[in-house]
Amino acid sequence: MAAYKYQAVDKSGKIVSGTIEADNEQRAAEQLKKEGKMPTEIKEQGIMDKDINMADLFKKKIPVRDMSIFCRQFVSMHRAGVTILESMRMLTEQTENERLKNGLQEVYLGVQKGESLASSMAKCPDVFPKLLIHMVSAGEASGSLDIAFERMAVQFEKSAKIQGLIKKTMVYPIMVLIVAIVVVIVMLTYIVPTFMDMFKDMDIEMPGITLAVVAASDWLKANWLLALAIVVVLFFAIRWFARTETGEIMIAKIAIKVPLFADLTVKQNAAKFARNLSTMLAAGISMPDAVEIVSDTMSNKYFTTAMKDARNDVMQGIPLSQPIEQCGLFPPMVHHMVRIGEETGNIENMLDTLAEYYEEEVEVATESLMAALEPLMIIGLAAICMVIIGAVMAPMASMYTGLDNL
């Protein structure tokens, strides 16, 4: 989705402005009208005129583990005969996550006013995923709210398992990176200056690599505060850029082009596609709407775009398996299984089978990534240390060579 800046007139006649995310200007206008705003100007945001919201840089998503616990608790209460209003009140009181607690409080107030559970949740899009909102809406319409929440609990638990595995895999590389930074800082600020003072007293001509390392050491000692500020600014700049349209595309391209990450990226998105689409179809949501909802849950921009294009094809009566095959992003097994499901009328079970298969494949791909990263990180750390050690040893080697020539 692209971000659009707009000016509009609200119900009271007041001129308001802000930003909105939509597929195109027409969709943005339709969304504003639904909110009771008559747009007077809509313009797509560029990178330079995007508003930098510091709160967004620090804001974290609610852990899927907390969402799965919330769904499980709601199912237990609902099946015990507790009303929705009372369930929301009890869940609000016992939830520890502050953002989820505030969201549940808003839902409780909405239900208390007579609103449906799904519409109350929709007012807190930063708390409740679109997938959950649509499942709740379908559950309310069919009278199977407990089944909707139970299926979402399974969904969140599967996601939590995969995310936990990926985070566990990244612990080792991050720790090695931190150690590498600490080692470099210690060597540049303490060890290198000590040896350089000794070499100065000996009046030894310094090799180029030594002079370069000494210059880096002197600069770091004199400008450590500036270096720290640069690192902090760079961190937040990268984090902001990653949230822009251009940043998302760049990261997505790296994820599917770099061999080290491509396998995991493809399998992770294939698992998410199969699991989420199966959940939506099981709730009775139509194929076009289900595909559109699933597109927003994909973790890679290229897969998101492919799913939105697939939705347009499905709207024209084209079987989903065709655009899935033509986009060239998914493994062949995905479109083959989807086609078989379409032909047999058993697409939900086929998608469940796909999801189970690729969730296992994600675990294997994550372990393979870890096995590849470990030696690469060790080699990288060794290379950095060797450069600094070489810079220290080079003058000593020159000194011994000079003594041998005497």
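In this text the structure is predicted, and so the values were computed from the model without any measurement.
- Side-chain atoms of Lys101 come within 3.5 Å of backbone atoms of Thr92 as a donor-acceptor pair (strictly under, hydrogens ignored).
- Going from atom CG of Asp313 over to atom NZ of Lys308 covers 14.0 Å, rounded to the nearest 0.5 Å.
- A 4.5 Å side-chain heavy-atom check between Tyr302 and Cys327 finds every atom pair outside the cut-off.
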ask   = Could you go step by step and tell me if Met280 and Glu292 meet the side chain to side chain contact (heavy atoms under 4.5 Å, CB included) rule?
value = CA-CA 10 Å; Met280 291 291 96; Glu292 184 174 16; over 6 Å; no
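- Residues Ile147 and Val75 fail the side-chain proximity criterion, which asks for heavy atoms closer than 4.5 Å.
- Residues meeting the side chain to side chain contact (heavy atoms under 4.5 Å, CB included) test with Met287, sequence neighbours left out: Leu277, Leu281, Val291, Val314, Leu320, Ile347.
- Phe70 is listed as a side-chain neighbour of Phe128, based on a closest heavy-atom distance under 4.5 Å.
- A donor-acceptor contact under 3.5 angstrom links the side chains of Ser321 and Glu342, judged on distance only.
- Of the inter-residue distances, the one linking Met175 atom CE with Met377 atom CE reads 11.0 Å to the nearest 0.5 angstrom.
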Only distances under 3.5 Å count here; give the side-chain donor-acceptor pairs of residues 216-227 to other protein atoms, sequence neighbours excluded, each with its distance to 0.1 Å.
unit_1: Ser217; atom_1: OG; unit_2: Leu188; atom_2: O; d: 2.2
unit_1: Asn223; atom_1: ND2; unit_2: Trp219; atom_2: O; d: 3.0

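- What you find for Arg151 and Ser278 is that their closest heavy atoms are NH2-OG, 2.9 Å.
- A heavy-atom distance below 4.5 Å is not found between the side chains of Arg311 and Pro323.
- Rounding to the nearest 0.5 Å gives a distance of 7.5 Å between CD1 of Ile251 and CD of Glu248.
- For the pair Glu140 (side chain) and Leu117 (backbone), a donor-acceptor distance under 3.5 Å is present.
- Atom CE of Met250 is surrounded by 12 or fewer heavy atoms from other residues, nucleotides or ligands within 6.0 Å.
- Within the structure, every pair that satisfies the salt bridge (charged side-chain N to carboxylate O under 4.0 Å, His left out) test and touches residues 314-327, not counting sequence neighbours, is listed here: Glu325-Arg339.
- The aromatic ring centroids of Phe303 and Phe330 lie less than 6.0 Å from each other.
- Listed by chain and number, the residues in a side-chain hydrogen bond (donor to acceptor under 3.5 Å, both in side chains) with Asp309 amount to none (sequence neighbours excluded).
- Listed here is the closest heavy atom pair of Ala306 and Leu329: CB-CD1, 3.8 Å.
- Looking at His134 and Met121, their side chains never come closer than 4.5 Å, going by heavy atoms from C-beta outward.
- Of all non-hydrogen atoms in Leu132 and Cys71, the two that sit nearest each other are CD1-SG, 4.2 Å.
- Taking both residues in full, the closest heavy atoms of Leu91 and Met77 are given as CD2-CE, 3.9 Å, listed atom of the first, atom of the second, then distance.
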request  = Go through the steps to decide whether Leu351 and Phe273 satisfy the test side chain to side chain contact (heavy atoms under 4.5 Å, CB included), and finish with yes or no.
outcome  = CA-CA 9 Å; Leu351 289 171; Phe273 156 76; 4.3 Å; yes
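- We find the CE-OG1 distance between Met298 and Thr304 to be 6.5 Å, quoted to the nearest 0.5 Å.
- Within the structure, salt bridge (charged side-chain N to carboxylate O under 4.0 Å, His left out) contacts touching residues 157-166 (residues at least two apart or in different chains) are Arg72-Glu157, Lys158-Glu356, Lys158-Glu359, Lys161-Glu363.
- Taking 4.5 Å as the limit, every side-chain heavy atom of Tyr358 sits out of range of all side-chain heavy atoms of Arg275.
- Between Thr83 and Arg89, the side chains place no donor N or O within less than 3.5 Å of an acceptor N or O (distance only, hydrogens not considered).
- Between Val82 and His78 there is no side-chain heavy-atom pair separated by less than 4.5 Å.
- If you take CD on Gln112 and OG on Ser120, they are separated by 10.5 Å, rounding to the nearest 0.5 Å.
- Without hydrogens or angle criteria, Asp263 side chain to Pro259 main chain gives no donor-acceptor distance under 3.5 Å.
- Residue Pro129 comes nearest to Val127 through the heavy atom pair CD-O, 3.6 Å, listed as atom of the first residue, atom of the second, then distance.
- Applying the side chain to side chain contact (heavy atoms under 4.5 Å, CB included) rule to Lys123 yields the partners Glu115; only residues at least two apart in sequence or on another chain are considered.
- Contact record, Ala153 with Ser68: O-CB, 3.8 Å, taken as the closest heavy-atom pair.
- Asn269 contributes a side-chain N or O that, together with a main-chain N or O of Thr265, makes up a donor-acceptor pair within less than 3.5 Å.
- Put simply, the side chain of Ile384 does not reach to within 4.5 Å of the side chain of Val183, judged on heavy atoms.
- In terms of modelled atom types and a separation under 3.5 Å, the side chain of Ser137 and the main chain of Ile133 share no donor-acceptor contact.
- Between the CG atom in Leu145 and the CZ atom in Phe74 there is a gap of 4.5 Å [rounded to 0.5 Å].
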ask   = For Ile84 and Ser87, what are the C-alpha separation, side-chain angles and deciding distance, and is it a side chain to side chain contact (heavy atoms under 4.5 Å, CB included)?
value = CA-CA 5 Å; Ile84 293 177; Ser87 296; 5.5 Å; no
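- A donor-acceptor contact shorter than 3.5 Å links the side chain of Asn300 to the backbone of Ala252.
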message = Let's go through Val338 and Ile324 carefully: what are the C-alpha distance in whole Å and the side-chain angles of both, what is the deciding distance for side chain to side chain contact (heavy atoms under 4.5 Å, CB included) to 0.1 Å, and is it a yes or a no?
response = CA-CA 9 Å; Val338 172; Ile324 291 298; 5.5 Å; no
